[in-house]
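Here's the structure we're looking at; comments come further down.
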Amino acid sequence: MTQRQTLFDIGSLVDYLQKLNGPQRAAVEWGAGPILILAGAGSGKTRVLTSRIAHLIQTRQADPTQIFAVTFTNKAAAEMRHRVHTLLNEEMGIHLEERDLWVSTFHSACVRILRSHGHFLGFPNHFTIYDDSDQLSLVKACMRELNVSETTFSPKSIQGRINKIKNEGYDASNYKSTYGGPFEDAFLRVFSRYTEALKQSAAMDFGDLILQTVKLFTEHPNVLKAFQDRLGHVLVDEYQDTNRCQYLLVKKLVSSAGNICVVGDEDQSIYRWRGADISNILNFEKDYPAAKIFKLEENYRSTRNIIEAASRVIANNTERRDKTLFTNNTEGDKILLSEAYDEHDEAFKVISDILNGVTAGESLNQIAVFYRTNAQSRVIEDVLRTKGIQYQIYGGLKFYDRLEVKDSLAYLKLIANPSDDVSFRRIVNVPPRGIGNVTLERLMDQARVYGVSLFSLLEKSLGPEPTITVDLGRSRKSLLEFYNLMAGLRAAKPSLLPSDLLNMVLEETNYRSSLQKEDSVEAQSRLENLAELRQGIVEYELRSGGDDPNKKITLETYLEEIALVSDLDRYDPTAPALKLMTIHMAKGLEFDRVHIVGLEEELFPNIRSWDAAEPSDIEEERRLLYVGMTRARKRLFLYFAKNRTVFGTSHFRVESRFLEEIPKEYLETKKADYFTRRRHYLDRPGLPPRSAHGEEYSQVGDFDPGFEQGPSDDEDLRAGSKVEHPIFGLGIVRQVLGDDKIVVEFRGRGTKKISRKFTQLREV
DNA sequence: CTGCGTGGCATTTTT
DNA sequence: TGCCACGCAG
């Protein structure tokens, strides 16, 4: 290796290696064979991974095309690709095309493999990818078909088990149940039918993408061999989060040369509930006895207080390797632990701490609020809105999960793949065109008799050359119209860009016009979402295309791309806004100031009341807190509330056991007091401006919120009335939805649905 | 077939 | 508390 280095520019080589510390550099420079890099939080893991890839290329140990690097998120893959390119281009003068480097997520890598080799398993090149909700609706359809009651067996639990089994590397044919009894029996029948239905629809769920690839490699060793021969080096990021199926995939791809490099941190394994198997990283040396292990223990991100406190917390776990994080950073401020009276008070305190930070010169986009469950964001959002603070929520409601977006995509998916029965069922009667349940049941019945997909059944019975006769009853006419509609769209597909095809769909199906006819705020926002969807397609078309045949603009490639993007990819981290997210979403990110709320028993650690908590569940929750704490660069704020309303009823709360694991010397503690309790009620939305009638605070009783007073008066509000809202200011009533709810458009604040019971509006 | 009302029921979600 | 799924009436 060293003799080869002389062929290149040693100056730059030394330069980039000198940016690394001892263990980092050792891991980068280590030659062939299996490597495990245990990378503590903030220890420069991505730098090591990207430097190693660049180093392998620079020193001619590997050709760029021989490298395969996998991660879990698009974001991580994009960042890694970008950084490798920068290193190669700017520091080493090696110029590559993007496609010369195979850095991708597990799922998109498998899609790519299956697109080119799926025919070995009997899949067409352009199978459809079913997301979680498509999957759930297929599970339900199978249950209905097999008369498995949805009330005794929850479809979600069946879906969950199917995914679990697939994550472990089994399918319906080789899964051996260790249970017995009627439930198991029903489950196995559904699983088996579900598998058939997927194949019939030429579709795969997320689990299949990995599983079928493993199957391909198992059943077709020559295909596997070709990949092994091509890939000299396999690198895996976040190895602690791999499930068994992904583990098998990686193991197969690593050829006998055994050049595998995995990076991970068992303390940051937080996806066990999704099949992640922490033992993959804990037992790496057993799989690869020749493994060389490197430990990255120096943290460059956080203050010493934060690192030491987080380390003391995670030290209580037993499922971990011996590893100690340290930092040479300054001690920093203490961690602020605040007790709140309830969740409203908590939100108030969080925002007050945030505003103090902003006053002290921190920028809003470097501040984050983390919570355990999405539901916790609402209270915080309310306060943020009343204060006019810009914020972005990561996760929660997903754009591609919205009804109208899913409907439109279902049309596109059905056009691309007419066998896709899930999409067919979704849109056959959307907008309503007189094809109801009875008709659909009959269609499904017949389709099963003939062993064809629903669309194919229509084609064979109603198409230009009918080959079978099906009694379609009264709905024959509607079905024929639907068939002609879809046939027309399919015929138009080859000559249209995906964005124009979407437009055609929305026009021809009357989807757009039926929304326009509704003339409600909801419909309006749906139309806006459809416009955004179209804009997204246009952007896809703009960045694709060109000479690269891999980037040809087709409906299929567009659908493939969006099937694998998460909502996370849509947000702009540089926007001047506060970031709100669950801790799961926060993994891999960092902020100057981090606020973690809801540190209470049952919520965090989160305990399903109907299921006894196992010690390993608690350890995973502890890892989650560890991940959250180690996201903070400068300051960390922790909160818990003494009362919290859960599902409508208020409960007394006990502070999280994890808080006791943080030694007092790292903490500054603030107790809740009577005045903070009062203050937050006075700051609640819905109160008139304090100075309005000179009766400051007087209407607020001791613990009486004071704002739940019912409709403020007998004002007869109707569409067109002008109102004044204590926070949003002047607005015009757009709609009256029953007794209590009205829709108001505020000047410069957009349209809001408002409950009159909780809000004092003044007619002006 | 469609629209509306009531009751049951709630984690985390890289792809 | 708020959403979604089912049941019934038109």
Side-chain angles (χ1 to χ4, degrees), chain A residues 70-77 104-111 129-133 135-136 140 150-151 154-156 160 163 166-167 204-210 237-238 240-243 245-246 268-276 343 370-376 378-379 394-398 400-401 403 429-440 474-475 478 560-569 581-589 598 602-611 613 617 620-621 623-624 627-628 644-650 738 741 753 755 758:
Chain A
V70 250
T71 65
F72 281 87
T73 65
N74 295 312
K75 202 169 147 282
S104 79
T105 64
F106 272 101
H107 293 266
S108 60
C110 288
V111 168
I129 300 169
Y130 282 168
D131 66 17
D132 284 350
S133 64
Q135 184 188 31
L136 187 62
K140 284 180 183 169
E150 286 182 38
T151 44
S154 109
K156 277 216 170 102
N163 289 336
K166 290 190 176 186
N167 285 339
M204 293 200 199
D205 57 31
F206 284 136
D208 269 341
L209 296 178
I210 318 288
D237 190 17
E238 306 275 19
Q240 76 282 352
D241 285 332
T242 49
N243 60 39
C245 199
Q246 288 157 339
Q268 294 184 67
S269 172
I270 54 175
Y271 285 102
R272 199 174 78 114
W273 49 277
R274 253 176 92 152
E343 69 269 26
F370 300 160
Y371 32 80
R372 179 63 243 268
T373 65
N374 278 313
Q376 289 168 262
R378 269 203 48 189
V379 199
Y394 285 55
L397 36 1
K398 294 190 172 98
Y400 291 108
D401 278 350
L403 185 89
N429 201 30
V430 178
R433 49 170 79 89
I435 304 170
N437 258 329
V438 183
T439 309
L440 195 53
R474 252 174 250 297
S475 33
S478 322
E560 172 185 316
E561 180 175 291
I562 55 149
L564 299 175
V565 301
S566 80
D567 231 32
L568 200 64
D569 303 320
M581 66 193 85
T582 62
I583 304 184
H584 283 94
M585 298 291 265
K587 203 180 74 169
L589 304 177
E602 292 186 15
L603 181 61
F604 197 179
N606 197 281
I607 292 172
R608 308 165 61 167
S609 50
W610 54 89
D611 207 357
D617 289 331
E620 175 123 339
E621 295 288 315
R623 289 194 290 268
L624 201 48
V627 167
R644 187 174 295 270
T645 302
V646 186
F647 302 140
T649 38
S650 182
K741 295 262 164 62
K753 203 198 255 182
S755 165
F758 293 99

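Letters A, B, ... are given to chains in the order of the sequence lines, protein chains preceding strands, and every chain is numbered from 1.
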With a 4.0 Å cut-off on heavy atoms, is Thr645(A) in touch with a base, just the backbone sugar-phosphate, or nothing at all? nothing
Euclidean distance, atom CG of residue Asp617(A) to atom P of dT11(B) [Å, nearest integer]: 16 Å
According to a strict under-4.0 Å criterion, is Asn374(A) in side-chain N/O contact with OP1 or OP2 of dT13(B)? yes
Between Thr105(A) and Ser108(A), do the side chains contain a donor N or O and an acceptor N or O under 3.5 Å apart? yes
Asn606(A) CG to dA10(B) C1': how many Å, rounded? 12 Å
It should be established whether Thr649(A) places a side-chain nitrogen or oxygen under 4.0 Å from OP1 or OP2 of nucleotide dT1(C). no
Would you please name every residue forming a ring-ring contact (aromatic ring centres under 6.0 Å, His included) with Phe206(A), sequence neighbours left out? His107(A)
Can you check the Lys156(A) NZ to dG8(B) P distance for me, whole Å? 18 Å
Its glycosidic angle compared against 90° from 0, dT11(B) adopts the form syn
Identify the heavy atoms of Phe106(A) and Thr242(A) that sit nearest to each other, and give their distance. CZ-CG2, 3.9 Å
Might you list the N or O atoms of the protein lying below 3.5 Å from N or O atoms in nucleotides 2-5 of chain B, with each pair's distance?
unit_1	atom_1	unit_2	atom_2	d
dT2(B)	OP1	Gly434(A)	N	3.2
dT2(B)	OP2	Asn429(A)	ND2	2.6

From the set dG2(C), dC1(B), dT13(B), return the single nucleotide nearest to any side-chain atom of Arg378(A). dG2(C)
Separation of dT12(B) atom P from Glu602(A) atom CD, nearest Å, is 16 Å
dT15(B) phosphate, OP1 or OP2, under 4.0 Å from Asn74(A) side-chain N/O: yes
Measure NZ/Lys166(A) against C1'/dT13(B) and give the value in whole Å, please. 18 Å
So, is Thr105(A) close to the dT14(B) phosphate, meaning a side-chain N or O under 4.0 Å from OP1 or OP2? no
Check ion pair Asp241(A)-Arg274(A) (N to O, under 4.0 angstrom): no
When the distance from OH of Tyr371(A) to C1' of dT12(B) is rounded to whole Å, what number comes out? 12 Å
Remember a base hit wins even if backbone is also touched, and classify Glu150(A) as base, sugar-phosphate or nothing at under 4.0 Å, heavy atoms. sugar-phosphate
Evaluate Asn606(A) against Thr373(A) for side-chain contact (heavy atoms from CB on, under 4.5 Å), listing each step before the verdict. CA-CA 9 Å; Asn606(A) 197 281; Thr373(A) 65; 3.7 Å; yes
Please report the distance, rounded to the nearest Å, between CD1 in Ile583(A) and C1' in dT14(B). 16 Å
Determine the contact category for Val438(A): base if any of its heavy atoms lies under 4.0 Å from a base atom, sugar-phosphate if only primed atoms, P, OP1 or OP2 are that close, otherwise nothing. sugar-phosphate
Those residues that, when tested against Tyr371(A), pass ring-ring contact (aromatic ring centres under 6.0 Å, His included) (two or more places apart): none
Within the structure shown, what part of the strands sits under 4.0 Å from Tyr271(A) by heavy-atom distance: base, sugar-phosphate, or nothing? base
Rounded to the nearest angstrom, tell me the gap between atom NE2 in His107(A) and atom P in dT15(B). 8 Å
Tightest non-hydrogen contact, residues His584(A) and Tyr271(A), listed as O-OH, 3.4 Å
Do Val70(A) and Gln246(A) have side chains that get closer than 4.5 Å, going by heavy atoms? no
Is any side-chain N or O of Arg372(A) under 3.5 Å from a base N or O of dT12(B), one able to act as donor and the other as acceptor? yes
